[in-house]
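Data block below; observations after.
Both ligands and their constituent atoms are indexed starting at 1 by order of listing.
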Amino acid sequence: MVNYLYIHVPFCIAKCHYCDFYSVPVENAGPDATGKYVRTLLKEMKLREGSAGNLKTVYLGGGTPTLLSGSQVADILSGAREIFALVPRAEISIEANPGTVSEAQLAAFRESGVNRISIGVQSLADHELCVLGRRHKVKDAFAAFRAARSAGFDNISLDLIYGIPGQSMDAWENTVSSALDLSPEHVSAYELTPEESTPLQVELAEGVYALPDELLVTEMYYAVIEKMKKYGYLHYEISNFAKPAYECAHNLNYWNRGEYLGIGAGAHSYFDGKRSGTLRDLARYVESIEGGTVPVDEEVNITEQDEFKEMIFLGLRKIEGIDLRLMPESGKLLTNKAVDDLIHHGLIEIKDQYLRLTAKGLVLSTEVMVRILNQP
Ligand code: SF4
(Lines give C-alpha, C1' and ligand atoms only; values in the text may rest on other atoms or scores of the structure.)
Protein backbone atom coordinates (compact mmCIF):
# COMPACT_ATOMS: atom_id res chain seq x y z
CA MET A 1 0.00 0.00 0.00
CA VAL A 2 1.32 3.43 -0.93
CA ASN A 3 1.54 5.68 2.15
CA TYR A 4 2.92 8.88 0.61
CA LEU A 5 0.90 11.38 -1.40
CA TYR A 6 2.19 14.26 -3.51
CA ILE A 7 -0.25 16.85 -4.87
CA HIS A 8 0.96 19.17 -7.61
CA VAL A 9 -0.41 22.72 -7.79
CA PRO A 10 0.68 24.06 -11.19
CA PHE A 11 0.10 27.78 -10.71
CA CYS A 12 2.63 30.55 -10.14
CA ILE A 13 2.39 34.34 -10.19
CA ALA A 14 4.92 34.29 -13.05
CA LYS A 15 7.72 32.02 -14.18
CA CYS A 16 11.07 32.41 -12.37
CA HIS A 17 14.01 32.66 -14.77
CA TYR A 18 15.70 29.36 -13.87
CA CYS A 19 12.75 27.04 -13.34
CA ASP A 20 11.28 24.26 -15.47
CA PHE A 21 8.81 22.78 -12.98
CA TYR A 22 5.41 22.49 -14.56
CA SER A 23 3.42 25.62 -13.74
CA VAL A 24 1.46 28.29 -15.55
CA PRO A 25 0.92 31.95 -14.61
CA VAL A 26 -2.31 31.91 -12.63
CA GLU A 27 -3.53 35.12 -14.31
CA ASN A 28 -3.56 33.41 -17.72
CA ALA A 29 -5.21 30.23 -16.49
CA GLY A 30 -8.78 31.44 -16.95
CA PRO A 31 -11.63 32.31 -14.59
CA ASP A 32 -11.83 30.32 -11.35
CA ALA A 33 -8.78 28.32 -12.46
CA THR A 34 -7.77 27.33 -8.93
CA GLY A 35 -11.35 26.40 -7.93
CA LYS A 36 -11.75 24.25 -11.04
CA TYR A 37 -8.36 22.63 -10.42
CA VAL A 38 -9.17 21.75 -6.80
CA ARG A 39 -12.44 20.11 -7.90
CA THR A 40 -10.47 18.14 -10.51
CA LEU A 41 -7.89 17.01 -7.92
CA LEU A 42 -10.73 15.66 -5.79
CA LYS A 43 -12.04 13.74 -8.79
CA GLU A 44 -8.59 12.34 -9.50
CA MET A 45 -8.31 11.19 -5.88
CA LYS A 46 -11.62 9.39 -6.30
CA LEU A 47 -10.36 7.76 -9.52
CA ARG A 48 -7.20 6.68 -7.66
CA GLU A 49 -9.11 5.31 -4.66
CA GLY A 50 -7.43 2.10 -3.52
CA SER A 51 -3.98 3.06 -4.88
CA ALA A 52 -2.91 4.65 -1.60
CA GLY A 53 -3.98 4.57 2.03
CA ASN A 54 -3.01 5.28 5.65
CA LEU A 55 -1.01 8.23 4.42
CA LYS A 56 2.09 9.04 6.44
CA THR A 57 2.75 12.21 4.50
CA VAL A 58 0.89 14.56 2.18
CA TYR A 59 2.96 17.12 0.29
CA LEU A 60 1.39 20.04 -1.56
CA GLY A 61 4.07 21.18 -3.99
CA GLY A 62 4.23 23.26 -7.11
CA GLY A 63 4.10 25.67 -8.62
CA THR A 64 2.89 27.81 -5.78
CA PRO A 65 0.35 25.98 -3.60
CA THR A 66 -0.09 29.13 -1.53
CA LEU A 67 -2.03 30.60 -4.46
CA LEU A 68 -4.84 28.38 -3.14
CA SER A 69 -7.14 29.74 -0.45
CA GLY A 70 -7.46 28.28 3.04
CA SER A 71 -10.78 26.66 2.15
CA GLN A 72 -9.39 25.14 -1.07
CA VAL A 73 -6.52 23.50 0.85
CA ALA A 74 -9.04 22.34 3.48
CA ASP A 75 -11.14 20.75 0.71
CA ILE A 76 -8.10 18.93 -0.71
CA LEU A 77 -7.10 17.58 2.70
CA SER A 78 -10.67 16.54 3.56
CA GLY A 79 -10.73 14.64 0.28
CA ALA A 80 -7.38 12.96 1.07
CA ARG A 81 -8.63 11.98 4.55
CA GLU A 82 -11.90 10.62 3.24
CA ILE A 83 -10.54 8.77 0.21
CA PHE A 84 -7.14 7.55 1.43
CA ALA A 85 -7.16 8.08 5.25
CA LEU A 86 -4.23 9.61 7.12
CA VAL A 87 -2.32 8.08 10.01
CA PRO A 88 -2.35 10.10 13.25
CA ARG A 89 0.34 12.81 13.20
CA ALA A 90 0.87 12.47 9.45
CA GLU A 91 3.33 15.04 8.09
CA ILE A 92 1.35 17.47 5.92
CA SER A 93 3.58 19.96 4.09
CA ILE A 94 2.87 22.90 1.86
CA GLU A 95 5.30 24.89 -0.27
CA ALA A 96 4.86 28.64 0.08
CA ASN A 97 6.21 31.60 -1.80
CA PRO A 98 6.82 34.92 -0.06
CA GLY A 99 4.46 37.58 -1.31
CA THR A 100 1.63 35.06 -1.76
CA VAL A 101 0.75 34.42 1.88
CA SER A 102 -1.21 36.18 4.60
CA GLU A 103 -1.40 35.27 8.26
CA ALA A 104 -5.15 34.55 8.01
CA GLN A 105 -4.58 32.18 5.08
CA LEU A 106 -1.72 30.41 6.89
CA ALA A 107 -3.87 30.08 10.01
CA ALA A 108 -6.54 28.46 7.85
CA PHE A 109 -3.94 26.01 6.47
CA ARG A 110 -2.94 25.11 10.05
CA GLU A 111 -6.59 24.70 10.96
CA SER A 112 -7.08 22.25 8.07
CA GLY A 113 -4.17 20.11 9.30
CA VAL A 114 -1.10 21.42 7.44
CA ASN A 115 1.74 21.10 9.96
CA ARG A 116 4.86 21.86 7.92
CA ILE A 117 5.60 24.78 5.61
CA SER A 118 8.49 25.18 3.22
CA ILE A 119 9.11 28.80 2.24
CA GLY A 120 10.89 29.58 -1.05
CA VAL A 121 13.15 32.34 0.30
CA GLN A 122 16.02 31.55 -2.13
CA SER A 123 18.09 34.65 -1.31
CA LEU A 124 18.10 37.45 1.22
CA ALA A 125 19.52 40.01 -1.24
CA ASP A 126 17.04 41.87 -3.46
CA HIS A 127 19.35 42.12 -6.49
CA GLU A 128 19.91 38.32 -6.43
CA LEU A 129 16.13 37.73 -6.30
CA CYS A 130 15.91 39.97 -9.34
CA VAL A 131 18.52 37.92 -11.26
CA LEU A 132 16.53 34.77 -10.42
CA GLY A 133 13.34 36.41 -11.68
CA ARG A 134 11.64 35.93 -8.32
CA ARG A 135 8.65 38.20 -7.81
CA HIS A 136 9.20 38.79 -4.11
CA LYS A 137 11.54 41.02 -2.13
CA VAL A 138 13.61 40.19 0.94
CA LYS A 139 11.07 41.92 3.19
CA ASP A 140 8.34 39.58 1.88
CA ALA A 141 10.42 36.55 2.91
CA PHE A 142 10.77 37.85 6.47
CA ALA A 143 7.07 38.72 6.54
CA ALA A 144 6.14 35.22 5.32
CA PHE A 145 8.27 33.62 8.03
CA ARG A 146 6.74 35.81 10.76
CA ALA A 147 3.23 35.14 9.44
CA ALA A 148 3.88 31.37 9.48
CA ARG A 149 5.12 31.48 13.09
CA SER A 150 2.17 33.65 14.16
CA ALA A 151 -0.20 31.24 12.44
CA GLY A 152 1.18 28.46 14.65
CA PHE A 153 3.65 26.69 12.34
CA ASP A 154 6.34 25.07 14.48
CA ASN A 155 7.94 23.22 11.58
CA ILE A 156 9.19 25.73 9.02
CA SER A 157 11.69 25.02 6.28
CA LEU A 158 13.51 27.69 4.26
CA ASP A 159 14.78 27.07 0.72
CA LEU A 160 18.00 28.88 -0.18
CA ILE A 161 20.00 29.00 -3.41
CA TYR A 162 23.74 29.56 -3.83
CA GLY A 163 25.87 30.02 -6.94
CA ILE A 164 23.73 32.92 -8.21
CA PRO A 165 25.39 35.14 -10.87
CA GLY A 166 27.17 37.98 -9.11
CA GLN A 167 26.85 36.37 -5.66
CA SER A 168 29.91 36.79 -3.43
CA MET A 169 30.86 34.61 -0.49
CA ASP A 170 29.96 37.47 1.85
CA ALA A 171 26.51 37.80 0.30
CA TRP A 172 25.89 34.04 0.62
CA GLU A 173 27.08 33.99 4.22
CA ASN A 174 24.80 36.91 4.95
CA THR A 175 21.81 35.06 3.45
CA VAL A 176 22.57 31.96 5.54
CA SER A 177 23.16 33.93 8.76
CA SER A 178 20.02 36.01 8.33
CA ALA A 179 18.01 32.84 7.63
CA LEU A 180 19.45 31.17 10.74
CA ASP A 181 18.59 34.22 12.87
CA LEU A 182 14.97 33.20 12.26
CA SER A 183 15.69 29.74 13.72
CA PRO A 184 13.80 27.65 11.15
CA GLU A 185 13.46 23.94 11.89
CA HIS A 186 14.77 22.96 8.45
CA VAL A 187 16.87 24.49 5.67
CA SER A 188 17.40 23.33 2.09
CA ALA A 189 20.39 24.86 0.32
CA TYR A 190 20.58 24.15 -3.40
CA GLU A 191 23.19 25.09 -5.95
CA LEU A 192 21.60 27.09 -8.75
CA THR A 193 21.09 24.88 -11.80
CA PRO A 194 19.52 26.90 -14.61
CA GLU A 195 17.42 24.40 -16.56
CA GLU A 196 17.59 24.04 -20.36
CA SER A 197 15.74 26.74 -22.33
CA THR A 198 14.93 28.85 -19.30
CA PRO A 199 15.45 32.64 -19.57
CA LEU A 200 18.41 32.51 -17.16
CA GLN A 201 20.08 29.79 -19.20
CA VAL A 202 19.69 31.93 -22.33
CA GLU A 203 21.08 35.00 -20.49
CA LEU A 204 24.07 32.92 -19.35
CA ALA A 205 24.64 31.66 -22.90
CA GLU A 206 24.46 35.24 -24.22
CA GLY A 207 26.90 36.46 -21.58
CA VAL A 208 24.40 38.77 -19.85
CA TYR A 209 25.30 36.98 -16.61
CA ALA A 210 28.02 34.55 -15.57
CA LEU A 211 27.85 31.92 -12.86
CA PRO A 212 30.40 32.30 -10.04
CA ASP A 213 33.47 30.16 -10.58
CA GLU A 214 33.36 26.51 -9.52
CA LEU A 215 35.81 26.92 -6.68
CA LEU A 216 33.74 29.70 -5.13
CA VAL A 217 30.55 27.61 -5.49
CA THR A 218 32.30 24.69 -3.75
CA GLU A 219 33.39 27.01 -0.95
CA MET A 220 29.81 28.26 -0.62
CA TYR A 221 28.64 24.68 -0.18
CA TYR A 222 31.25 23.90 2.48
CA ALA A 223 30.46 27.22 4.21
CA VAL A 224 26.77 26.40 4.56
CA ILE A 225 27.57 22.89 5.86
CA GLU A 226 29.90 24.32 8.48
CA LYS A 227 27.47 27.03 9.55
CA MET A 228 24.50 24.68 9.81
CA LYS A 229 26.48 22.22 11.91
CA LYS A 230 27.62 25.04 14.19
CA TYR A 231 23.99 25.97 14.77
CA GLY A 232 23.05 22.39 15.70
CA TYR A 233 21.42 21.29 12.45
CA LEU A 234 21.81 17.75 11.23
CA HIS A 235 23.13 17.51 7.68
CA TYR A 236 21.01 14.56 6.53
CA GLU A 237 20.99 14.87 2.75
CA ILE A 238 23.35 16.53 0.26
CA SER A 239 21.30 19.75 0.28
CA ASN A 240 19.17 19.41 3.41
CA PHE A 241 19.64 20.28 7.07
CA ALA A 242 17.27 19.80 9.98
CA LYS A 243 17.07 20.37 13.68
CA PRO A 244 16.94 16.94 15.35
CA ALA A 245 13.66 15.12 14.53
CA TYR A 246 12.67 17.66 11.84
CA GLU A 247 13.94 15.77 8.78
CA CYS A 248 11.34 15.84 5.99
CA ALA A 249 9.67 12.41 6.06
CA HIS A 250 8.14 12.93 2.62
CA ASN A 251 11.45 13.63 0.90
CA LEU A 252 13.26 10.88 2.84
CA ASN A 253 10.80 8.47 1.26
CA TYR A 254 11.98 9.59 -2.21
CA TRP A 255 15.63 9.08 -1.32
CA ASN A 256 14.80 5.68 0.17
CA ARG A 257 13.07 4.75 -3.11
CA GLY A 258 9.76 4.35 -1.32
CA GLU A 259 6.52 4.25 -3.26
CA TYR A 260 4.38 7.38 -3.61
CA LEU A 261 1.31 8.52 -5.46
CA GLY A 262 1.40 11.88 -7.24
CA ILE A 263 -1.80 13.57 -8.31
CA GLY A 264 -2.39 16.69 -10.38
CA ALA A 265 -1.14 17.93 -13.76
CA GLY A 266 2.53 17.07 -14.21
CA ALA A 267 2.76 14.98 -11.01
CA HIS A 268 4.97 11.88 -10.78
CA SER A 269 4.27 8.56 -9.09
CA TYR A 270 6.21 5.44 -8.24
CA PHE A 271 4.43 2.25 -7.31
CA ASP A 272 3.97 -1.34 -8.51
CA GLY A 273 7.45 -1.22 -10.05
CA LYS A 274 6.58 1.65 -12.38
CA ARG A 275 7.48 5.32 -12.48
CA SER A 276 4.86 7.43 -14.21
CA GLY A 277 3.83 11.03 -14.75
CA THR A 278 0.57 12.74 -15.60
CA LEU A 279 0.20 15.19 -18.49
CA ARG A 280 2.01 18.52 -18.11
CA ASP A 281 -0.95 20.30 -19.65
CA LEU A 282 -3.53 21.86 -17.38
CA ALA A 283 -6.45 22.02 -19.83
CA ARG A 284 -5.98 18.48 -21.13
CA TYR A 285 -5.45 17.15 -17.60
CA VAL A 286 -8.77 18.67 -16.44
CA GLU A 287 -10.57 17.41 -19.55
CA SER A 288 -9.25 13.88 -19.12
CA ILE A 289 -10.17 13.65 -15.43
CA GLU A 290 -13.65 15.04 -16.24
CA GLY A 291 -13.95 12.15 -18.70
CA GLY A 292 -12.99 9.65 -15.97
CA THR A 293 -9.41 8.87 -17.06
CA VAL A 294 -6.13 9.75 -15.35
CA PRO A 295 -3.97 11.14 -18.20
CA VAL A 296 -0.75 9.20 -17.67
CA ASP A 297 1.62 10.29 -20.44
CA GLU A 298 4.80 8.53 -19.43
CA GLU A 299 5.19 5.21 -17.69
CA VAL A 300 8.42 3.29 -17.24
CA ASN A 301 8.85 -0.20 -15.82
CA ILE A 302 11.74 -0.18 -13.39
CA THR A 303 14.08 -3.06 -14.12
CA GLU A 304 16.53 -4.54 -11.62
CA GLN A 305 19.27 -2.54 -13.29
CA ASP A 306 17.24 0.67 -12.91
CA GLU A 307 16.70 -0.18 -9.25
CA PHE A 308 20.44 -0.46 -8.73
CA LYS A 309 21.00 2.89 -10.48
CA GLU A 310 18.31 4.57 -8.42
CA MET A 311 19.75 3.18 -5.20
CA ILE A 312 23.06 4.84 -6.05
CA PHE A 313 21.59 8.14 -7.32
CA LEU A 314 19.05 8.51 -4.53
CA GLY A 315 20.59 6.57 -1.63
CA LEU A 316 23.98 8.25 -1.81
CA ARG A 317 22.25 11.62 -1.47
CA LYS A 318 21.60 10.73 2.16
CA ILE A 319 24.52 11.56 4.43
CA GLU A 320 24.11 8.22 6.22
CA GLY A 321 24.52 6.60 2.79
CA ILE A 322 23.24 3.25 1.57
CA ASP A 323 22.63 0.39 4.00
CA LEU A 324 24.41 -2.42 2.15
CA ARG A 325 22.45 -5.04 4.11
CA LEU A 326 19.25 -3.81 2.45
CA MET A 327 20.76 -3.77 -1.02
CA PRO A 328 20.21 -7.04 -2.83
CA GLU A 329 23.05 -6.27 -5.20
CA SER A 330 25.52 -4.99 -2.64
CA GLY A 331 28.03 -7.60 -3.89
CA LYS A 332 28.16 -5.65 -7.15
CA LEU A 333 29.40 -2.63 -5.22
CA LEU A 334 31.91 -4.46 -3.09
CA THR A 335 33.62 -5.91 -6.15
CA ASN A 336 33.34 -2.71 -8.15
CA LYS A 337 36.77 -1.35 -9.10
CA ALA A 338 35.46 2.23 -9.24
CA VAL A 339 34.32 1.86 -5.61
CA ASP A 340 37.84 0.77 -4.63
CA ASP A 341 39.35 3.73 -6.46
CA LEU A 342 36.88 6.19 -4.97
CA ILE A 343 37.59 4.87 -1.47
CA HIS A 344 41.31 5.15 -2.19
CA HIS A 345 40.83 8.80 -3.24
CA GLY A 346 38.81 9.55 -0.10
CA LEU A 347 35.57 10.31 -1.95
CA ILE A 348 33.46 7.51 -0.46
CA GLU A 349 33.77 5.19 2.52
CA ILE A 350 32.22 1.99 3.81
CA LYS A 351 31.59 2.08 7.53
CA ASP A 352 29.31 -0.11 9.66
CA GLN A 353 27.82 -1.66 6.50
CA TYR A 354 26.93 1.76 5.04
CA LEU A 355 28.40 3.08 1.81
CA ARG A 356 28.50 6.87 1.93
CA LEU A 357 30.07 9.95 0.43
CA THR A 358 32.85 11.54 2.47
CA ALA A 359 32.97 15.31 3.05
CA LYS A 360 35.30 15.50 0.03
CA GLY A 361 32.94 13.32 -2.04
CA LEU A 362 29.81 15.37 -1.27
CA VAL A 363 30.80 18.18 -3.54
CA LEU A 364 31.58 15.75 -6.38
CA SER A 365 28.50 13.61 -5.76
CA THR A 366 27.26 13.39 -9.34
CA GLU A 367 30.70 12.44 -10.72
CA VAL A 368 31.11 9.83 -7.97
CA MET A 369 27.72 8.26 -8.72
CA VAL A 370 28.37 8.20 -12.46
CA ARG A 371 31.77 6.54 -11.93
CA ILE A 372 30.24 3.80 -9.78
CA LEU A 373 27.53 3.12 -12.34
CA ASN A 374 29.81 3.15 -15.36
CA GLN A 375 31.98 0.40 -13.90
CA PRO A 376 30.64 -3.06 -14.82
S1 SF4 B 1 10.71 28.41 -8.93
FE2 SF4 B 1 8.80 28.00 -7.85
S3 SF4 B 1 7.73 30.00 -7.89
FE4 SF4 B 1 9.32 30.11 -9.44
S5 SF4 B 1 8.29 29.45 -11.35
FE6 SF4 B 1 9.26 27.64 -10.46
S7 SF4 B 1 7.65 26.67 -9.27
FE8 SF4 B 1 7.00 28.81 -9.65
Side-chain angles (χ1 to χ4, degrees), residues 6-29 33-34 37 41 59-69 72-73 93-102 105-106 109 116-145 147-148 156-165 167 175 179 186-204 209 211 239-240 248 250-251 254 262-268 277-282 285:
Y6 174 78
I7 299 170
H8 193 68
V9 181
F11 303 107
C12 287
I13 301 269
K15 223 43 212 166
C16 299
H17 294 177
Y18 56 97
C19 168
D20 78 342
F21 287 123
Y22 178 59
S23 69
V24 295
V26 68
E27 240 182 43
N28 307 342
T34 56
Y37 187 70
L41 284 176
Y59 193 103
L60 286 136
T64 305
T66 40
L67 289 174
L68 302 181
S69 67
Q72 287 172 329
V73 168
S93 304
I94 193 164
E95 288 178 354
N97 275 323
T100 65
V101 289
S102 69
Q105 177 199 23
L106 294 175
F109 292 165
R116 181 175 185 277
I117 187 163
S118 173
I119 306 177
V121 169
Q122 317 310 0
S123 161
L124 290 170
D126 277 337
H127 61 281
E128 291 172 6
L129 291 170
C130 188
V131 172
L132 295 172
R134 302 287 304 190
R135 300 293 147 146
H136 72 269
K137 298 271 186 231
V138 169
K139 66 176 176 33
D140 301 319
F142 287 121
F145 186 90
I156 305 181
S157 179
L158 302 182
D159 273 6
L160 305 177
I161 292 181
Y162 61 94
I164 300 169
Q167 189 177 38
T175 285
H186 188 281
V187 172
S188 302
Y190 294 104
E191 181 183 341
L192 177 66
T193 42
E195 301 295 340
E196 276 301 304
S197 313
T198 55
L200 182 57
Q201 209 246 353
V202 173
E203 284 167 329
L204 289 167
Y209 295 122
L211 292 172
S239 308
N240 283 278
C248 177
H250 188 83
N251 288 339
Y254 293 147
I263 65 162
H268 288 98
T278 46
L279 270 183
R280 283 168 65 105
D281 182 320
L282 185 57
Y285 162 78

Report summary line: Any heavy atom of I13 under 4.0 Å from ligand 1? The part involved is neither
Report summary line: Sequence neighbours excluded, the answer for side-chain contact (heavy atoms from CB on, under 4.5 Å) partners of K139 is K137
**Report entry** T175 side chain vs L124 backbone, donor-acceptor pair below 3.5 Å
**Finding:** yes
Query raised in the report: Is a side-chain N or O of H136 found less than 3.5 angstrom from the main chain of V121, in a donor-acceptor match?
Result: yes
Query - Nearest-neighbour protein heavy atom for atom 1 (S) of ligand 1, which is reported as residue plus atom name and distance - result: R134 NH1, 3.4 Å
Query raised in the report: Among all protein non-hydrogen atoms, which one is nearest to atom 3 (S) of ligand 1, and what is the separation to 0.1 Å?
Result: N97 ND2, 3.1 Å
Query raised in the report: From L60 CG over to I7 CD1, what is the distance, rounded to the nearest 0.5 angstrom?
Result: 4.5 Å
**Report entry** Qualifying residues under side-chain hydrogen bond (donor to acceptor under 3.5 Å, both in side chains), relative to Q167, sequence neighbours excluded
**Finding:** E128
Requested in this report: Return yes when E95 approaches ligand 1 closer than 4.0 angstrom through a heavy atom, no otherwise.
Outcome: no
Report task. Write down the atom of A144, the atom of L106, and the distance for their closest heavy-atom approach. Result -> O-CD1, 4.2 Å
Report summary line: Here the pair of heavy atoms bringing T278 nearest to G264 is OG1-O, 2.5 Å
**Report entry** Shell of protein N/O/S atoms around atom 6 (Fe) of ligand 1, taken as anything under 2.8 Å
**Finding:** C19 SG
Contacts table for residues 16-28: side-chain donor-acceptor under 3.5 angstrom, sequence neighbours left out:
from	atom 1	to	atom 2	distance (Å)
Y18	OH	R134	NH1	2.9
Y22	OH	L282	N	2.8
S23	OG	K15	NZ	2.7

